[in-house]
Trainee: 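A single structure is presented below for examination.
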Amino acid sequence: MNELTINGLTFEPYLKESEIMAQVERVASEIKADLTTPNPLFVCVLNGAFIFAADLFRALELPEAEITFIRFKSYEGTASTGEVTQKMGLTEDIEGREVVIIEDIVDTGMTAQKLREVLQARRPKSVKMASLLFKPASLTASVAPEYVGFEIPSKFIIGYGLDLDGAVRNLRDIMVLKETK
Ligand code: IMP
Ligand code: MG
């Protein structure tokens, strides 16, 4: 795919679908190796993580694993608002269960921290996080994701679930905002 201009911003190719799928498979096998119970609960963070979650959940090949959804929002346009709001909660009883949060990207880590607090309060056996992408240089929260597909620089990216104000989530590849020279 070539460059793409949307809302006046130009993006260039960054990670190909085939590279993404290879990391999804690796992350799935790492998670699987660490699980100690047959029916872990995966918690997909909407909206951004839905495509990664669909691929990761199938790659696990664990017939008794379950998946549920929670919704948080922190971004407007290409930057974090600094405030994380919960838009949709959990209905499951997670007490005593192994829980794995599925995120698209950890940037400041504020969403991740908030999520862990919300889930820990319900007394699960454990809470871990798998994030397809991680921007370590932007992290301000105290915990990093346990499973990471790609560590990337602090640039704005789109595609494979990641949006620009709701658009472009359906790109198969991931693209990065072009530096203005
Ligand atoms: P955090 O709370 O700052 O770690 O931000 C996490 C959320 O912000 C992610 O789950 C994404 O929804 C969104 N986000 C962070 N970086 C990007 C990006 O580069 N592109 C699109 N969305 C992003
Ligand atoms: Mg998100």
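Counting begins at 1 with the first residue of the sequence. None of the values given here were measured: they were computed from a predicted structure.
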Trainee: Rounded at 0.5 Å granularity, tell me how far CD1 in Ile94 sits from CZ in Arg123.
Mentor: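 So the CD1 of Ile94 and the CZ of Arg123 are separated by 11.0 Å.
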Trainee: Determine the minimum heavy-atom distance between Ala130 and Ile31, stating which atoms define it.
Mentor: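 Scanning both residues completely, I find the closest heavy atoms to be CB-CD1, 3.9 Å.
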Trainee: Are Leu15 and Gln23 close enough, and set up right, to give a side-chain contact (heavy atoms from CB on, under 4.5 Å), and what steps lead you there?
Mentor: CA-CA 11 Å; Leu15 300 168; Gln23 296 312 309; over 6 Å; no
Trainee: Got Glu61 and Lys32 here, is their nearest side-chain heavy-atom distance under 4.5 Å?
Mentor: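 Yes - at least one pair of side-chain heavy atoms lies under 4.5 Å apart.
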Trainee: Just checking, any donor-acceptor pair under 3.5 angstrom between side chains of Ser138 and Thr108?
Mentor: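 No pair is found: no donor N or O on one side chain lies under 3.5 Å from an acceptor on the other.
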Trainee: Work out which heavy atom in Ala53 is nearest to a heavy atom in Ile67; give both atom names and the distance.
Mentor: CB-CD1, 4.2 Å
Trainee: Whether Glu179 and Lys155 form a salt bridge (side-chain N of Lys/Arg under 4.0 Å from carboxylate O of Asp/Glu) is what I want to check.
Mentor: yes
Trainee: Is there side-chain contact between Val143 and Met129, with at least one heavy-atom pair below 4.5 Å?
Mentor: no
Trainee: If you measure from the Lys or Arg side-chain nitrogens to the Asp or Glu carboxylate oxygens, is any gap between Arg97 and Glu66 under 4.0 Å?
Mentor: yes
Trainee: How close do Arg169 and Phe50 get, counting heavy atoms only, and between which atoms?
Mentor: CD-CE2, 4.0 Å
Trainee: Using the rule given for side-chain hydrogen bond (donor to acceptor under 3.5 Å, both in side chains), can you reason through Arg116 versus Gln113, listing the C-alpha separation, both sets of side-chain angles and the distance that settles it, and then say yes or no?
Mentor: CA-CA 5 Å; Arg116 286 189 201 250; Gln113 191 163 315; over 6 Å; no
Trainee: Please give me the minimum heavy-atom distance between Glu103 and Phe52, naming the atom from each residue.
Mentor: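 Looking at all heavy atoms of both residues, the shortest contact is O-CD2, 3.3 Å.
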Trainee: For Tyr160 and Leu132, which heavy atoms make the closest approach, and how far apart are they?
Mentor: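 Here Tyr160 and Leu132 meet closest at CD2-CD2, 3.4 Å.
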Trainee: Check whether any side-chain heavy atom of Ile174 sits under 4.5 Å from a side-chain heavy atom of Phe150, and report yes or no.
Mentor: no
Trainee: In Å, rounded to the nearest 0.5 Å, how long is the span from CZ of Phe69 to CD1 of Ile102?
Mentor: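 Result: 8.0 Å between the selected atoms.
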Trainee: I'd like to know if Phe57 and Met21 are part of one continuous hydrophobic network [Ile/Leu/Val/Met/Phe/Trp/Tyr, side-chain heavy atoms within less than 4.5 Å].
Mentor: yes
Trainee: Would you say the side-chain atoms of Asn7 pair up with the backbone N or O of Leu9, donor to acceptor, closer than 3.5 Å?
Mentor: no
Trainee: Is any side-chain heavy atom of Leu4 closer than 4.5 Å to a side-chain heavy atom of Ile158?
Mentor: yes
Trainee: Is any side-chain heavy atom of Thr68 closer than 4.5 Å to a side-chain heavy atom of Val43?
Mentor: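 Side-chain contact under 4.5 Å: yes.
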Trainee: Atom CG in Leu56, atom CD in Glu25: separation rounded to 0.5 Å?
Mentor: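 Here the interatomic distance stands at 9.0 Å.
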Trainee: Any donor and acceptor pair, going by atom type alone, linking the side chain of Arg122 with main-chain N or O of Leu90 inside 3.5 Å?
Mentor: yes
Trainee: Indicate the atoms forming the closest heavy-atom contact of Asp34 with Tyr147, along with that distance.
Mentor: OD2-OH, 2.6 Å
Trainee: Just so I know, are the side chains of Ile70 and Ile101 near enough to count as touching, which here means a heavy-atom distance under 4.5 Å?
Mentor: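 Answer no - side chains too far apart.
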Trainee: Test Thr5 against Thr10 for side-chain contact (heavy atoms from CB on, under 4.5 Å), laying out the working first.
Mentor: CA-CA 4 Å; Thr5 299; Thr10 301; 3.0 Å; yes
Trainee: Is the backbone N or O of Asp173 less than 3.5 Å from a side-chain atom of Glu17, with the two atoms forming a donor-acceptor pair by type?
Mentor: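 No; zero donor-acceptor contacts below 3.5 Å.
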Trainee: In Å and rounded to the nearest 0.5 Å, what is the CZ to CG distance from Phe72 to Leu115?
Mentor: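 It is 4.5 Å, given to the nearest 0.5 Å.
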Trainee: Are Ile105 and Ile152 close enough, and set up right, to give a side-chain contact (heavy atoms from CB on, under 4.5 Å), and what steps lead you there?
Mentor: CA-CA 10 Å; Ile105 186 162; Ile152 62 167; 4.1 Å; yes
Trainee: Using side-chain contact (heavy atoms from CB on, under 4.5 Å), reason through Val168 and Phe11 one step at a time and then give a plain yes or no.
Mentor: CA-CA 11 Å; Val168 294; Phe11 292 84; over 6 Å; no
Trainee: Heavy-atom count around Arg26 CZ within 6.0 Å, excluding the residue itself: above 12?
Mentor: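 Yes.
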Trainee: Looking at Glu98 and Lys125, is there a salt bridge between them, counting it only when a charged N and a carboxylate O are closer than 4.0 Å?
Mentor: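 Salt bridge between Lys125 and Glu98, a charged N being under 4.0 Å from a carboxylate O: no.
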Trainee: Applying a strict under-4.5 Å side-chain criterion to I, L, V, M, F, W and Y, I'd like to know whether Ile6 and Leu171 cluster together.
Mentor: yes
Trainee: Could you tell me whether the side chain of Asp55 reaches within less than 4.5 Å of the side chain of Ile20, counting heavy atoms only?
Mentor: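 No; the side chains remain at least 4.5 Å from each other.
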Trainee: How many angstroms lie between CG in Asn47 and CG in Leu162, if you round to the nearest 0.5 Å?
Mentor: 11.0 Å
Trainee: Does any non-hydrogen side-chain atom of Leu35 lie less than 4.5 Å from one of Leu62?
Mentor: yes
Trainee: Go through the structure and list residues passing side chain to side chain contact (heavy atoms under 4.5 Å, CB included) with Ala144, not counting sequence neighbours.
Mentor: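 Ala144 satisfies side chain to side chain contact (heavy atoms under 4.5 Å, CB included) with Phe134, Leu139 once adjacent residues are dropped.
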